Every structure is written in C-alpha cells, then in structure tokens.
Amino acid sequence: MNNAQLIEELRWQLRQIEDRKAENQRLLAGIAGSDHTTVVSPDRSVTVLAGPGGVVSEVRLAPEAMRFDAVSLSRTITAAVREAVAAGNGSAPARPSPAQRPAPPPRRPAPADDDPYDTVFDI
C-alpha cells in the first residue's frame with residue numbers, strides 16, 4: 001500500500017468514527033429525553049438518573065461528596081442507585097425516615113499494644 005492509499009484508508013476510518021459518534025449522540029439524546037427518574041441523596045451529594053426498567057444512565061457527585069470518607073460515600077451512592085433503580089422499575093419504596101435507617105456499626109477499639117519493643121532496633 002502506498003502513502004496515498006494509506007491516507008485514503010485513514011480518511012475512510014475517520015468518517016466511520018464520526019458517523020458512529022453522531023449515531024451514539026442521537027441515541028444518548030433519545031435516552032436522556034425519555035422517561036428518566038432522578039434521585040438525589042438527602043445530603044444532595046449524589047444524584048442518580050435511571051431510565052425505564054431501572055437502567056442507571058448517570059451518577060453525579062457534587063464537589064461536597066469528596067469530603068466524605070469512602071464508606072459513607074459508597075453507602076450514599078448505593079442507596080441512591082437502589083432507589084433510582086426501584087423507581088425506574090416502577091416499584092420505588094418509600095424513603096426511610098432517619099429513625100428507620102440502620103445505625104452505623106460501632107467502631108472497634110484500637111488493638112492493645114502488646115509489643116514490648118518500640119522499633120526494630122530495640123531487639
């Protein structure tokens with residue numbers, strides 16, 4: 001294959017990619033315009049969009065969400081996703097009140113320091 005053929009092949013591939021991109025954008029616009037359910041966490045840090053059938057199409061995190069520890073953030077995301085999926089399926093449960101929410105597990109005390117040595121060099 002000579003250079004002119006390679007260039008023409010690359011142009012053809014680029015047109016194919018642009019056509020696929022346009023088709024994907026058209027499909028996404030159709031999805032976004034359909035009957036979506038939006039669920040926002042109580043603290044407004046997580047927003048989840050779910051379409052018909054409970055298919056999650058988007059999860060958005062507010063900048064404030066980055067202030068949470070990983071466990072709290074993952075629980076918030078999971079709860080919002082579950083609620084959005086249920087709503088998208090048409091079976092959204094009522095959001096539990098704060099009194100009905102399970103309490104976080106108690107923290108374990110730090111282990112006692114039984115090691116008589118402070119560093120490796122004390123041995």
Side-chain angles (χ1 to χ4, degrees):
M1 215 182 240
N2 62 32
N3 285 343
Q5 291 171 324
L6 286 173
I7 291 171
E8 190 55 39
E9 173 69 20
L10 289 173
R11 286 183 179 153
W12 178 83
Q13 288 180 4
L14 183 59
R15 283 191 300 273
Q16 294 293 332
I17 291 169
E18 289 171 348
D19 289 346
R20 283 190 216 132
K21 180 181 172 187
E23 176 67 12
N24 287 341
Q25 287 175 336
R26 186 188 65 75
L27 290 171
L28 287 173
I31 289 171
S34 67
D35 187 26
H36 267 65
T37 300
T38 302
V39 172
V40 180
S41 65
D43 60 10
R44 307 192 61 76
S45 63
V46 177
T47 302
V48 178
L49 277 69
V55 177
V56 173
S57 60
E58 189 173 349
V59 175
R60 298 179 195 152
L61 299 178
E64 298 80 36
M66 298 299 108
R67 295 183 187 141
F68 293 114
D69 63 286
V71 172
S72 297
L73 183 57
S74 66
R75 285 182 181 156
T76 302
I77 292 170
T78 300
V81 166
R82 285 182 179 157
E83 188 174 338
V85 167
N89 282 328
S91 61
R95 179 176 279 187
S97 69
Q100 294 172 323
R101 291 189 186 131
R107 294 191 180 262
R108 285 188 250 166
D113 188 14
D114 294 339
D115 189 1
Y117 304 106
D118 287 334
T119 65
V120 213
F121 301 108
D122 292 336
I123 299 178

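Keep in mind that what you see is a predicted model, and the values were worked out from it rather than measured.
The distance from the CG atom of Asp43 to the OG1 atom of Thr76 is 5.5 Å, given to the nearest 0.5 Å. Separating the CD atom in Gln13 from the CD1 atom in Ile17 is a distance of 6.5 Å, to the nearest 0.5 Å.
For Ala84, the side-chain contact (heavy atoms from CB on, under 4.5 Å) criterion is met by Val39, Val48, Ala50, not counting sequence neighbours. Checked against side-chain hydrogen bond (donor to acceptor under 3.5 Å, both in side chains), Gln16 has no partners two or more places apart in sequence or in another chain. For the salt bridge (charged side-chain N to carboxylate O under 4.0 Å, His left out) test, no residue two or more places apart in sequence or in another chain qualifies with Glu18. For Thr78, the side-chain contact (heavy atoms from CB on, under 4.5 Å) partners two or more places apart in sequence, or in a different chain, are Arg82. Scored by the side-chain hydrogen bond (donor to acceptor under 3.5 Å, both in side chains) test, Gln5 finds no partners at all (sequence neighbours excluded). Remark: Glu8 pairs with no residue by the side-chain hydrogen bond (donor to acceptor under 3.5 Å, both in side chains) rule, at least two apart or across chains.
Among residue pairs with one or both ends in residues 61-71, none qualify as salt bridge (Lys or Arg N to Asp or Glu O under 4.0 Å); sequence neighbours excluded. Applying the salt bridge (Lys or Arg N to Asp or Glu O under 4.0 Å) definition to pairs two or more places apart or across chains, those involving residues 52-61 are Glu58-Arg60.
Shown here is Arg44, whose CZ atom has no more than 12 heavy atoms of other residues, nucleotides or ligands within 6.0 Å.
Annotation: side chain of Thr47 is not in contact with side chain of Leu61 (no heavy-atom distance under 4.5 Å). Contact of the Val56 side chain with the Val85 side chain is registered, since non-hydrogen atoms from C-beta on lie closer than 4.5 Å.
Val81 and Leu73 fall within the same hydrophobic cluster, defined by Ile, Leu, Val, Met, Phe, Trp and Tyr side-chain heavy atoms under 4.5 Å apart, directly or through other members. Val71 and Val46 are not part of a single hydrophobic cluster, where members link through side-chain heavy atoms under 4.5 Å apart. Leu14 and Leu6 end up in different hydrophobic clusters when Ile, Leu, Val, Met, Phe, Trp and Tyr side chains are linked at under 4.5 Å.
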